[in-house]
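To start, the structure under review is shown below, and the notes come after it.
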Amino acid sequence: MIDVENLTRFYGDKKAIADVSFHVNKGEIVGLLGPNAAGKTTTMRILTCYMPPTSGNATVGGYDIFDESMHVRNITGYLPENPPVYTDMKVSDYLAFVAKIKGVDKRDRRKEVDTVVEKAAIGDVQHRIIGKLSKGFKQRVGLAQSLIKNPEIVILDEPTVGLDPKQIIEIRELIRNLKGDHTVILSSHILPEIEQTCERVVIINEGVVVAEDTVENLTHLREGGERIRLRIQGGKEEIRKALKAVDNIKQIDFKDEKKGIHHVNIESDSDIRKELAKAIVNDGLGLYELSADRYTLEDIFLHLTTKEEEVA
Amino acid sequence: MMKTWAIFEKEFKSFFYSPIAYVILAIFTALTGVFFYLYLSSFVEASLMDTIRSQQYRMAPQKLNVNLMLIRPYFWNIALISLFALPTITMRLYSEEKRMGTVELLYTTPIKPIQIILGKFFAGLALYIVLLIPTMLFQALLFAYGNPAFMPVLSGYIGLILLGSAFISAGLFISTTTENQIIAAIGGFALSLLLWVVGWGASYAGGTLAPVLDYISIINHFEDFAQGVIDSTHIIYYLLFTAVGVYFSLKMVESVKWRG
C-alpha cells in the first residue's frame, strides 16, 4: 500500500531524514517510533504531499507522491500534530468545509459528516465552536476530519499527545477500530502506545530507520537472544558458581538484593530455563522465581537508539 | 469550482466570525458618511448662494453640476479611504492559515493552490463590495432629491471595484509571505501606498521614466472612471495588475511547499 524508498530531506543544511525506506501492507497499522526530532513528522509530511523529499521516492496506494500528488491526497487522510482546525468555526461547519475541499458530492456530504462524527464520537459537541472545545475534543475533530471521504490510508502524527489518560485510551480504541478498513500509519514517541495499537513498528532515530519489524518479533528476540529473570536465595558467589555450570549463558547480571534474595538477569542464546532450574536446586539454593523475560519495546528502543552514541 | 467556492464561502463567513469585519465596516461607513455629509453641505451651500445671487441680480440661476461638484470628488475620497481599509481585509487572508497550521490541511487535501488563492481573492473582493454598499445608499439620496447623471456613478463604482481588486491582489500577495497579520497589514498598506504615490515622482523623473511611472501609478487610472469615462486601457491596467498580484500569490504558495 505504501512504499518508501530512500527518502532524504534537508532543511537548509540540516538533514532531517536520510535514506528512509519502509513498506506498509494494506490494512495494517504501522507505528513510526522515534524520539522527538527523529524525522517522524518530516516523513509523514512527505507521504501526505505537504512537502517534497530532497531525494528518493515513495508511492502511496500505487501513486507517486510527486507526480500524482492529487491522487495520493484523494485517498489519504492526515491528522497533523496540531489539529488543523479553524477555531472560529462550528464543528459541523468545519467538517462540511473539509468534505467540500475533499470533493465530496453535495448529496453525500451530510451523510459523510454524520459518519465521521459518529466514528470520532463527537456528536455532543458538533454544534459548538471548535475554539471553545478541550484539547481532547479538538484532537477528535482533527481525527474526524482525516476520516472524511473514507480514505484508504490514514496518517496520524502523534494522535494522543497532550491528552489525559482517559482520552488516550479512547483515541487508541478509535484507532484500533480503523484496522481492516484503513491502512494506518501513526507516529509516537511513547512506546506503550505503539505496542498497544500497532502490528508493526518502524523505528526512526536521527533521521535513519534503525529497525522495522512486528512488535512480536522485536520484543521476543533481540539478536536471537533470550532473557531470563531469576530470584535466588543464597550467597552471591554460590549463585555465580551454580550458574557457571550451565552452558550457553552469555551474560549474568546481578540486579539487587532484598532479604538475601538476589535478583539476577541472565542472557542466553537459547531457552535454558530447565537447565538453570536444575543447577540452582542441585546446589541447594532457594529458587524463588524463574521466568523468561520478554524484552519490552522500551529495551529495544533504547538499545537501538543509543547504539550509535556508543560507536561515536 | 466547488472547491474554490468552498474556500470563498469559508473565508467570507470567517470575516464575520471575528469582530474585524464589523469594525472595518463601521469605520469605513462612518468616514465615507462624514465626507459625504461635508461634500453635500458645501454643495447645498453653493447652490443656495447661487439662488440668492440670481435673485439679487435678477439673472437666471446657474445650473450647478452635482456630478462634477459632489460625486466626482466623493469617489476620489472613497478610493483614498479604501487605500487604508483594504490592507486590514487582506492581512488575515493567508497569514491566518499559516499561523493556525491549517495550511497543513489545505496542502494535503486534493485542492489546487489556484483554487485556494482565487477563493480567498474573491472573498476579499466580496467584502470590499459590502463595504461600498453604504456609500451607494448615500448617493441614492442624491437621486431621490436631485437629478444627477447615473452613468458617472456607475462608472465610478466600476472603477472602485477594479481599484479594490488591484489593492486586494497586492495585499493577498503580502499575506502569503508571512504568518504575522500585523506585518501583512503594514506590508500591504506600504505596497499599496507606494503604487499610489509612484506617479508623483513622474514630474521629477522626466525623460523615458516619466510615462512609465505615470502608467504604473495605481490611482492615475482611476481618474477617468470618477469622471464617468470607461476607457478600456484603464480596465486592462487594473485587470493586469490584479492578475499579476494573484499570480505572485500563487507562486508564493507553491514555492513555500518547496522550500526547506
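Lettering of chains follows the sequences in order, A, B, ..., and the numbering in each one begins at 1. Not measured: the values here are computed from a predicted model.
- In this structure, chain A has no heavy atom under 4.5 Å from any part of B:Q115.
- With a 4.5 Å cut-off on non-hydrogen atoms, A:N82 does not touch chain B at all.
- Between A:N205 and A:P35, the shortest heavy-atom distance links the atoms OD1-CG, 3.3 Å.
- Classified by interplanar angle (parallel below 30°, tilted 30° to 60°, perpendicular above 60°), the ring pair B:Y237/B:F241 is tilted.
- For B:E9, the part lying under 4.5 angstrom from a heavy atom of chain A is the side chain only.
- Here the two rings, on A:Y86 and A:F97, have centers that are under 6.0 Å apart.
- Heavy-atom distances place both the backbone and the side chain of B:K112 under 4.5 Å from chain A.
- Residue A:T54 does not touch chain B at all, counting heavy-atom pairs closer than 4.5 Å.
- Ring orientation note: the planes of B:F167 and B:W196 are close to parallel, at an angle under 30° on the 30°/60° scale.
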Q.
ring-ring contact (aromatic ring centres under 6.0 Å, His included), that's the test. Do B:Y74 and B:F35 meet it? Break it down for me.
A. CA-CA 7 Å; B:Y74 186 50; B:F35 280 106; 8.2 Å; no
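- Annotation: maximal heavy-atom pairing with chain B below 4.5 Å, among A:V85, A:L79, A:T76, occurs at A:V85.
- For a residue to count as touching a neighbouring chain, one of its non-hydrogen atoms must lie under 4.5 Å from one of that chain's; by this rule A:E81 does not touch chain B.
- B:I7 touches chain A through backbone and side chain together, each having a heavy atom under 4.5 Å away.
- Across all non-hydrogen atoms, the minimal contact from B:S175 to B:A184 is CA-CB, 4.0 Å.
- With a 4.5 angstrom heavy-atom cutoff, A:Y94 touches chain B only via side-chain atoms.
- Of the listed residues (A:I153, A:T183, A:I2), just one forms a side-chain contact (heavy atoms from CB on, under 4.5 Å) with A:K26, and that residue is A:T183.
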